[in-house]
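In what follows, chains are A, B, ... by sequence order, proteins preceding strands, each numbered from 1.
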Amino acid sequence: MKIDARNFKGTRDYLPNEMILRNQMIEKIRRSFEVFGFVPLETPALEYLDVLTGKYGEEGDKLIYRLNYKGGSVAGMKYDLTVPLARVMTQHNDIVLPFKRYQIQPVWRADRPQVRQGRFREFYQCDADIVGVKSVLADTEIIALIHNILSQLEIGQFLIRINHRKILSGIRESLGLKEAMEIDLCRGIDKLDKIGIDGVKEELGRLGFTDPVMDNLFQLLSLEGSHTEVFKQLKDTLTKSETGLQGIDELKNIFESLEIMNIPMEALKIDLHLARGLDYYTGTIYESSSIDLPHIGSLTGGGRYDRLIGSFGSKDLPAVGTTIGLDRIATVLTQLGKMADKNSVTQILVTIFDETMIHQSMKIASSLRKHGFKTELYYEPVKLKKQFSYADKQKIPFVIVLGPDETAKGQVTLKDLTVGKQQQLDSGTLISYLEDRLSE
RNA sequence: GGGAUAUUAGCUCAGUUGGUUAGAGUACUGGAUUGUGGUUCCAGGGGUCGAGGGUUCGAACCCCUCAUGUCCCCCCA
């Protein structure tokens, strides 16, 4: 019986042309993490279900992949990298604080996939988190890190949107709403960009929000201007909410620090609409997106979660971090047409002229490899046309031909396919010529 | 979870009111060219028309069911 070869919904194979790009991206991200002093961590794909549930909110819980294991659903696949970190922190009390870890691994969500928006069921997250620091200096560093990484990945213009849960609470308090209304409020203002003021009014109205309350709300949300102006206006409006004022102070502090760190202010925005669905955030929250390709969702997302680690039953540890959405960023690069069109990393193809020349070609290939050149040896003494055609298809820039003519002179022919010219060189000059041409 | 839409060669897609043996481009293989890629010319292989059922003398085409993909909402990376 024929088996239908297909991918599980929402999962993909990364073919070599994609992997070449992805590896380059991961390399840059890893380097940035380490430049900021983060250390690597990996955790298993599988977790006990009770470790995962109850952290993300109702929506999130539904998206956890559950496994039937020994007749019961006790295991699940990890949904993000933050909760596993919280588990690790609880189990290892001897970890030196502050603990700055990075983690690059796939996560799984039982979502409905949407390729154009870069939404998949299996995707890579690249997380960096600082555990054990209450100071918003840690939040500042995380935002600086996000800016550092997104700049390096050449995704075009992007915007990091920043908000604070305490400011959202302050808005709620100043509107005279109870704490239970906060989730509805956040959800409503989160939708403002999409369904407009009238849409949000209708929705919140249905949930029991009165017209004067909403008028106040929209006035608050329409605050515009420079960061300092927005902060000032916010402060004037939220005077009665201590929590709100605290949030404003923290954000203000962060923006001032970012300016000192030379982060361009036009890449940052105070966005009072930003709410974020995950339950565990307690302080700053931030998300970033591409300006040219806004239909692709958030490229990065994160914030402060000072009570998540304590939810495992031990003492609370403050923590703040972000995830860099590798697949989202790769989607941006693909849609910008920056996908590598290469299927090969080989720099030099050594052809085999005929059966009598196999050993000589092997020797040349070995010597090139010893010098670090990415070298392929053709495996069959077929027509040179075919061997050249292979190099062309794989976009291998250099081809070496070693036949009777070359042997007689103790030389090899090196053809540069990018310009279509060839020359005969002896083995010593061959190496130094290639070192010159292929050095990066 | 709600809605829309599609599925024909490895890939991108034509296919007339239902009518013989389902086409093109591209990719692949071979040849023109037995020491050299890209361009050109010639030839060739490659299909259960997503699956199953129904209507019909006859179905890629009409009807039903299912599967899968894609898009939008929701939510997010």
ask   = Which word best sums up how the rings of A:Tyr433 and A:Phe398 line up, parallel for under 30°, tilted for 30 to 60°, or perpendicular for over 60°?
value = perpendicular
Position toward the 5' end of RNA chain B (nearest nucleotide), A:Gln125 or A:Asn7 = A:Asn7
request  = Could you pull out all residues at least two apart from A:Glu250 that satisfy salt bridge (charged side-chain N to carboxylate O under 4.0 Å, His left out)?
outcome  = A:Lys166
A:Tyr286: partners by ring pair (Phe, Tyr, Trp, His ring centres under 6.0 Å), with sequence neighbours left out = none
inquiry  = Given the structure, check if the side chain of A:Gln387 and the base of B:rG35 hold any donor-acceptor pair shorter than 3.5 Å.
reply    = no
message = For A:Phe373, give me all partners under ring pair (Phe, Tyr, Trp, His ring centres under 6.0 Å), at least two apart in sequence or on another chain.
response = none
All side chain to side chain donor-acceptor pair (under 3.5 Å) counterparts of A:Tyr102, not counting sequence neighbours = A:Glu34
ask   = For the residue pair A:Tyr305 and A:Tyr281, does the interplanar ring angle fall in the parallel (under 30°), tilted (30 to 60°) or perpendicular (over 60°) class?
value = perpendicular
key: Partners meeting side-chain contact (heavy atoms from CB on, under 4.5 Å) with A:Tyr14 (sequence neighbours left out)   = A:Arg12, A:Glu18, A:Met19, A:Arg22, A:Tyr124, A:Asp327
Candidates A:Asp127, A:Ile309, A:Thr43, A:Val131 - the one meeting side chain to side chain contact (heavy atoms under 4.5 Å, CB included) with A:Leu85 = A:Val131
key: Where RNA chain B forms stems, i.e. three or more consecutive Watson-Crick or G-U pairs with both distances under 3.5 Å   = B:1-7 with B:67-73, B:10-13 with B:23-26, B:28-32 with B:40-44, B:50-54 with B:62-66
Residue pairs, two or more places apart or on separate chains, that pass side chain to side chain donor-acceptor pair (under 3.5 Å) and touch residues 351-363 of chain A = A:Asp354-A:Thr356
ask   = Salt-bridged, A:Arg161 to A:Glu287, with N to O below 4.0 Å?
value = yes
Sort me out a list of protein N/O and nucleotides 5-8 of chain B N/O pairs below 3.5 Å, or just none if empty.
none

ask   = Which ones in residues 414-433 of chain A lie close to RNA chain B, meaning a heavy atom under 4.0 Å from one of its atoms?
value = A:Lys415, A:Leu417, A:Gly420, A:Gln422
query = Under the side chain to side chain donor-acceptor pair (under 3.5 Å) criterion, do A:Thr346 and A:Gln394 qualify, and how do the steps go?
reply = CA-CA 8 Å; A:Thr346 303; A:Gln394 297 291 80; over 6 Å; no
inquiry  = Distance alone, cut at 3.5 Å: any donor-acceptor contact between the side chains of A:Ser389 and A:Asp392?
reply    = no
task = For A:Thr351, answer base if it contacts any base atom (sugar-phosphate contacts may also be present), sugar-phosphate if it contacts only those atoms, and nothing otherwise; contact means non-hydrogen atoms under 4.0 Å.
result = nothing
key: A:Phe388 CZ to B:rU36 P, straight-line distance once rounded to whole Å   = 8 Å
request  = Give one of base, sugar-phosphate or nothing for A:Leu63, where a contact means two heavy atoms less than 4.0 Å apart.
outcome  = nothing
ask   = Nearest to the side chain of A:Leu384, which nucleotide is it out of B:rG38, B:rG35, B:rC75?
value = B:rG35
task = Using atom CD of A:Glu58 as one end and atom C1' of B:rC74 as the other, report the distance to the nearest whole Å.
result = 13 Å
request  = Can you tell me the distance, in whole Å, between the CG atom of A:Leu274 and the P atom of B:rC75?
outcome  = 13 Å
ask   = For A:Asn163 and B:rC76, what is the distance between atoms CG and P respectively, to the nearest whole Å?
value = 14 Å
request  = Decide whether a cation-pi geometry holds between A:Arg307 and A:Tyr280; the criteria are a distance under 6.0 Å from NZ or CZ to the six-membered ring centre and an angle within 45° of the ring axis.
outcome  = no
task = Verify the distance criterion only: is there a donor paired with an acceptor across the side chains of A:Gln422 and A:Thr413 at less than 3.5 Å?
result = no
key: Nearest-angstrom distance from the residue atom CD of A:Glu287 to C1' of B:rC76   = 7 Å
request  = Have a look at A:Phe120 and say if it touches a base, only the backbone sugar-phosphate, or nothing, with a 4.0 Å heavy-atom cut-off.
outcome  = base
request  = Figure out the CD/C1' separation between A:Gln394 and B:rG37, and round it to whole Å.
outcome  = 13 Å
ask   = Within this structure, what is the CD-to-C1' distance between A:Glu59 and B:rG2, rounded to whole angstrom?
value = 13 Å
Protein-to-nucleotide contact annotation, 5' to 3' order, nucleotides 27-33 of chain B [B base; S sugar-phosphate only; - none; under 4.0 Å, heavy atom] = -SSSS--
key: Distance, rounded to the nearest Å, where A:Leu402 contributes CG and B:rU36 contributes P   = 16 Å
Are any protein N/O atoms closer than 3.5 Å to N/O atoms in nucleotides 70-72 of chain B? If there are, list each pair with its distance.
{"from": "B:rC71", "atom 1": "OP1", "to": "A:Arg116", "atom 2": "N", "distance (Å)": "2.7"}
{"from": "B:rC71", "atom 1": "OP2", "to": "A:Val115", "atom 2": "N", "distance (Å)": "2.8"}
{"from": "B:rC72", "atom 1": "OP1", "to": "A:Arg116", "atom 2": "NE", "distance (Å)": "2.8"}
{"from": "B:rC72", "atom 1": "OP1", "to": "A:Arg116", "atom 2": "NH2", "distance (Å)": "2.8"}
{"from": "B:rC72", "atom 1": "OP2", "to": "A:Gln114", "atom 2": "NE2", "distance (Å)": "2.8"}
{"from": "B:rC72", "atom 1": "OP2", "to": "A:Gln117", "atom 2": "NE2", "distance (Å)": "3.1"}

note = Residues of residues 321-333 of chain A with a heavy atom under 4.0 Å from any atom of RNA chain B, listed by number, are A:Thr323, A:Gly325, A:Arg328
message = Under 4.0 Å, heavy atoms only, any strand: does A:Tyr390 hit a base, just the sugar-phosphate, or nothing?
response = nothing
query = So do A:Glu380 and A:Lys386 actually touch side chain to side chain, heavy atoms under 4.5 Å?
reply = no
